[in-house]
Amino acid sequence: MMSPADIKFKRNIGIAAHIDAGKTTVTERILFYTGKEHRMGEVHDGTAVMDWMEEERKRGITITAAASSVQWRGYIINIVDTPGHVDFTAEVERSLRVLDGMSAVFDAVSGVEAQSETVWRQADRYDVPRIAFLNKMDRPGANFDDSVESMRERLGANPVPIQIPICEDNRFIAHVDLVRRKAIYYDEASQGEKFERREIPEEYRDDAELHREVLIEKLADAVDWFADKYLHDEPITEDEIIRAMREATLANRITAVLCGSALKNIGIQPLLDAVCDLLPAPNDLPPAQGLLPDSDEKAERRTTPNQPLSALAFKIASDGYGDLTFLRIYSGTLKSGTRIQNATRDRKERISAIWRLHADERQQATEAVAGDIVGVSGLKFTVTGDTLCDPKKPIVFEQMKFPRTVVSMAIEPRSTADRDKLADVLKRLAKEDPTFEQKIDDETGQTIICGMGELHLEVLKHRMLTDFGVDANVGRPRVSYKETITIGSTAAAEYDQVTGGKNQFAVVQLRVEPLEGGSEIIFKNEQTGDEIPKEFLPAIEDGARSAVASGPLASYEMVGVKIALIGGRAHETDSTEVAFVAAASWAASEAVECAQPVLLEPIMSLEVMVPEQNLGDIVNDLHGRRAQIDEMSIRSGVRVVHGTVPLSEMFGYATVIRSLSQGRATYSMEPCTYAPVPERVSKMIVA
């Protein structure tokens with residue numbers, strides 16, 4: 001048994017894909033073949049170990065990233081099974097932030113789909129080395145070559161097959177290992193647990209040699225020492241091919257492509273071999289980069305147990321035992337019962353327990369070392385994205401950024417007792433989920449919860465009403481509109497009043513202008529002189545920001561506005577912070593109202609896969625929903641419609657598309673941008 005401290009034998013990987021590509025089925029097979037589970041869990045019958053939440057099993061989808069740890073060939077593989085639905089993309093984001101490698105799973109019928117493209121871009125952002133597994137090769141319409149080509153075209157990847165499929169009577173039964181020049185067949189009676197390597201069938205030998213030559217040429221382009229051997233026509237061994245593939249994968253120059261069918265128990269063991277042989281150990285990657293607290297001075301931590309402790313909290317889960325914080329240990333050793341520093345918040349924390357994780361099960365441990373992914377309990381102040389470290393050697397890692405919410409709904413408790421309970425539950429959910437927001441509607445006093453989509457809010461609602469037992473009325477999902485301005489405008493306001501027997505005076509002149517491409521409100525002091533003393537600048541900023549927090553049209557959140565202080569006056573004795581807050585608020589409100597404010601609506605990137613005979617009905621319906629169709633293509637014998645559409649027009653679309661296509665069309669969409677609402681629609685919303 002190897003020591004857990006032997007970092008070169010660790011692999012921290014994510015399984016990620018578009019919804020229904022089969023990543024959870026792949027993960028369930030991994031658990032079975034590595035001996036972690038003694039029976040195969042199935043998504044379709046609600047027995048998947050990694051989909052442990054009731055909502056996941058009921059809906060047949062992954063909602064929350066689940067972690068486990070398995071052993072294969074002496075390696076410890078920490079696995080995170082991530083969601084594929086766009087509403088839960090934050091789960092993928094925070095997982096990829098802390099993982100060293102990724103296995104991207106693709107449906108071999110559909111190739112690269114919308115959410116698999118999103119996941120790939122997330123992996124690009126964190127420079128995560130990855131391999132690809134073309135799943136569902138057993139399905140009618142599966143096309144290995146087309147799927148590889150879609151990776152090249154849609155992802156800009158450099159896919160390099162290291163296997164090719166073997167079919168018999170148009171049925172996928174095995175695959176060729178191009179490196180070892182062997183065909184691998186799986187024993188159905190043992191549920192694929194037993195397999196054997198045979199000689200490549202004669203009809204596949206030429207194709208296998210051709211693909212092997214392409215593999216070697218690609219490696220020669222990516223790895224210098226391998227190119228020397230290739231150009232000098234020197235013998236190349238299997239071990240050298242694997243070594244070169246590993247170097248090229250770690251440098252993100254190639255993506256090794258494997259194939260199989262998780263449901264038919266074909267191809268999982270070679271996938272595990274590829275994880276061990278090609279994906280990085282924690283210490284293969286550059287040191288973790290950060291900053292010293294309250295400083296721009298850079299700092300780094302190497303992945304070794306004898307460096308100062310550093311870890312990133314990347315997920316928080318609440319259950320009957322309390323909050324469980326998921327940590328990625330980047331350096332040092334974490335021991336149960338020790339006090340550590342939350343460098344992000346400058347607070348001390350105490351680790352009451354360390355847990356090894358397997359879906360919703362926990363096994364207590366005494367310590368965790370660099371390269372580990374573990375759960376800890378006892379943290380009071382830590383939230384997603386915080387850095388935990390040695391108090392004597394603090395460091396702060398870059399925090400994660402998450403997309404803004406696009407859908408909201410009202411929730412109203414039915415009793416005073418439920419009001420207190422709801423407040424507590426909302427606080428717990430907000431701590432768990434960085435894309436969940438809550439606020440109070442100033443006009444109605446209702447509690448508004450905001451999320452990434454209909455499904456996201458539906459799951460949150462179910463958890464509040466069922467899991468946490470809150471008795472409440474819940475409204476229908478509605479779009480989270482924003483407001484912004486379209487031109488610049490200037491306004492001045494004077495505050496000159498007697499309050500409590502004391503005169504209070506302030507004059508503020510502000511200019512507002514659109515912030516191109518911005519989603520925030522920024523404030524700048526652009527006075528040419530010193531008319532207003534510096535001690536009043538924070539009060540002016542507070543007053544201006546509060547005035548533009550909600551827009552003048554329908555009180556939606558304002559975005560993309562620059563506020564500049566360009567002048568004003570102060571009195572030697574009568575000026576106060578209260579006076580400047582009021583004057584700034586009045587000036588900002590007037591300037592915004594004169595700056596031609598507009599409503600903004602969330603626009604979704606849309607992909608619809610539809611049979612040819614239903615294309616006309618689908619396209620006509622989309623035009624009626626204000627969709628902009630950018631491109632139509634053919635993929636695996638069906639038409640694929642790409643475009644954008646306002647989110648407000650897509651509520652209930654799943655039912656409509658099933659009706660228009662007799663259940664044969666599918667669609668996916670994700671947030672794309674915000675755009676001005678057409679005047680006709682805007683008037684209806686404001687009214």
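Residue pairs satisfying the ring pair (Phe, Tyr, Trp, His ring centres under 6.0 Å) criterion with at least one member in residues 668-687, sequence neighbours excluded, are absent. Identified under the salt bridge (charged side-chain N to carboxylate O under 4.0 Å, His left out) test for residues 381-396, with sequence neighbours left out: Arg345-Asp386. Pairs passing the salt bridge (charged side-chain N to carboxylate O under 4.0 Å, His left out) check and including a residue from residues 595-607, sequence neighbours excluded, read Arg154-Glu607, Glu601-Arg626, Glu607-Arg635. Among pairs with a residue in residues 542-563, those fulfilling ring pair (Phe, Tyr, Trp, His ring centres under 6.0 Å) read Tyr481-Tyr556, at least two apart in sequence or across chains. Among residues at least two apart or in separate chains, ring pair (Phe, Tyr, Trp, His ring centres under 6.0 Å) pairs with a member in residues 483-535 are Tyr495-Trp586. Listed by first then second residue, pairs satisfying salt bridge (charged side-chain N to carboxylate O under 4.0 Å, His left out) with a partner in residues 540-550 read Glu541-Arg545, not counting sequence neighbours.
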Checking Val383 against Thr344 for the side-chain contact (heavy atoms from CB on, under 4.5 Å) test, could you report, in this order, the C-alpha distance in whole Å, the side-chain angles of both residues, the deciding distance, and whether it holds? CA-CA 10 Å; Val383 300; Thr344 307; over 6 Å; no
Could you walk me through whether Gln497 and Asn503 pass side-chain hydrogen bond (donor to acceptor under 3.5 Å, both in side chains), step by step? CA-CA 6 Å; Gln497 296 183 16; Asn503 193 53; over 6 Å; no
> So His456 and Asp433, side-chain hydrogen bond (donor to acceptor under 3.5 Å, both in side chains) or not? Walk me through it.
Replying inline: CA-CA 11 Å; His456 188 199; Asp433 186 348; 2.7 Å; yes
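Between Thr405 atom OG1 and Gln438 atom CD the span is 12.0 Å, to the nearest 0.5 Å. With rounding to the nearest 0.5 Å, the separation of CG in Asp418 from CG in Leu465 is 10.0 Å. For the atom pair Thr644 OG1 and Leu622 CG, the distance stands at 10.5 Å (nearest 0.5 Å).
Annotation: salt bridge (Lys or Arg N to Asp or Glu O under 4.0 Å) contacts of Lys421 (sequence neighbours excluded): none. Residues that satisfy the side-chain hydrogen bond (donor to acceptor under 3.5 Å, both in side chains) test with Asn283, not counting sequence neighbours, are absent from this structure. With sequence neighbours excluded, no residue forms a side-chain hydrogen bond (donor to acceptor under 3.5 Å, both in side chains) with Arg301.
Scanning both residues, Glu649 and Arg625, for their nearest heavy atoms gives O-NH1, 2.6 Å.
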With a cut-off of 3.5 Å and sequence neighbours excluded, list every side-chain donor-acceptor pair involving residues 473-480.
from	atom 1	to	atom 2	distance (Å)
Asn473	OD1	Arg414	NE	2.8
Asn473	OD1	Arg414	NH2	2.7

Side chains of residues 558-569: which donor-acceptor partners sit under 3.5 Å, not counting sequence neighbours?
from	atom 1	to	atom 2	distance (Å)
Lys562	NZ	Glu526	OE2	2.8

Show me, pair by pair, the donor-acceptor contacts under 3.5 angstrom made by side chains of residues 677-687, not counting sequence neighbours?
none

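When the shell of 6.0 Å around CD of Glu516 is examined, it contains 12 or fewer heavy atoms from other residues, nucleotides or ligands. Enclosure of atom CD in Glu398 is not indicated, since only 12 or fewer non-hydrogen atoms of other residues, nucleotides or ligands lie within 6.0 angstrom. Remark: Lys502 NZ is packed, more than 12 non-hydrogen atoms of other residues, nucleotides or ligands lying under 6.0 Å away. Residue Asp294 places its CG atom among 12 or fewer non-hydrogen atoms of other residues, nucleotides or ligands, all under 6.0 Å distant. Counting heavy atoms of neighbouring residues, nucleotides and ligands inside a 6.0 Å radius, atom CZ of Arg121 exceeds 12 of them.
Cation-pi contact between Arg328 and Phe326: absent, since separation from the ring centre below 6.0 Å together with deviation from the ring axis within 45° is not met. Figure legend: cation-pi geometry between Arg347 and Phe381, with NZ or CZ positioned under 6.0 Å from the six-membered ring centre and within 45° of its axis.
Between Ile340 and Ile351, some side-chain heavy-atom pair lies under the 4.5 Å cut-off. Residues Met452 and Leu457 have side chains not in contact (no heavy-atom distance under 4.5 Å, counting atoms from C-beta outward).
Looking only at distances, no side-chain donor or acceptor of Glu531 sits under 3.5 Å from a matching main-chain atom of Ala570.
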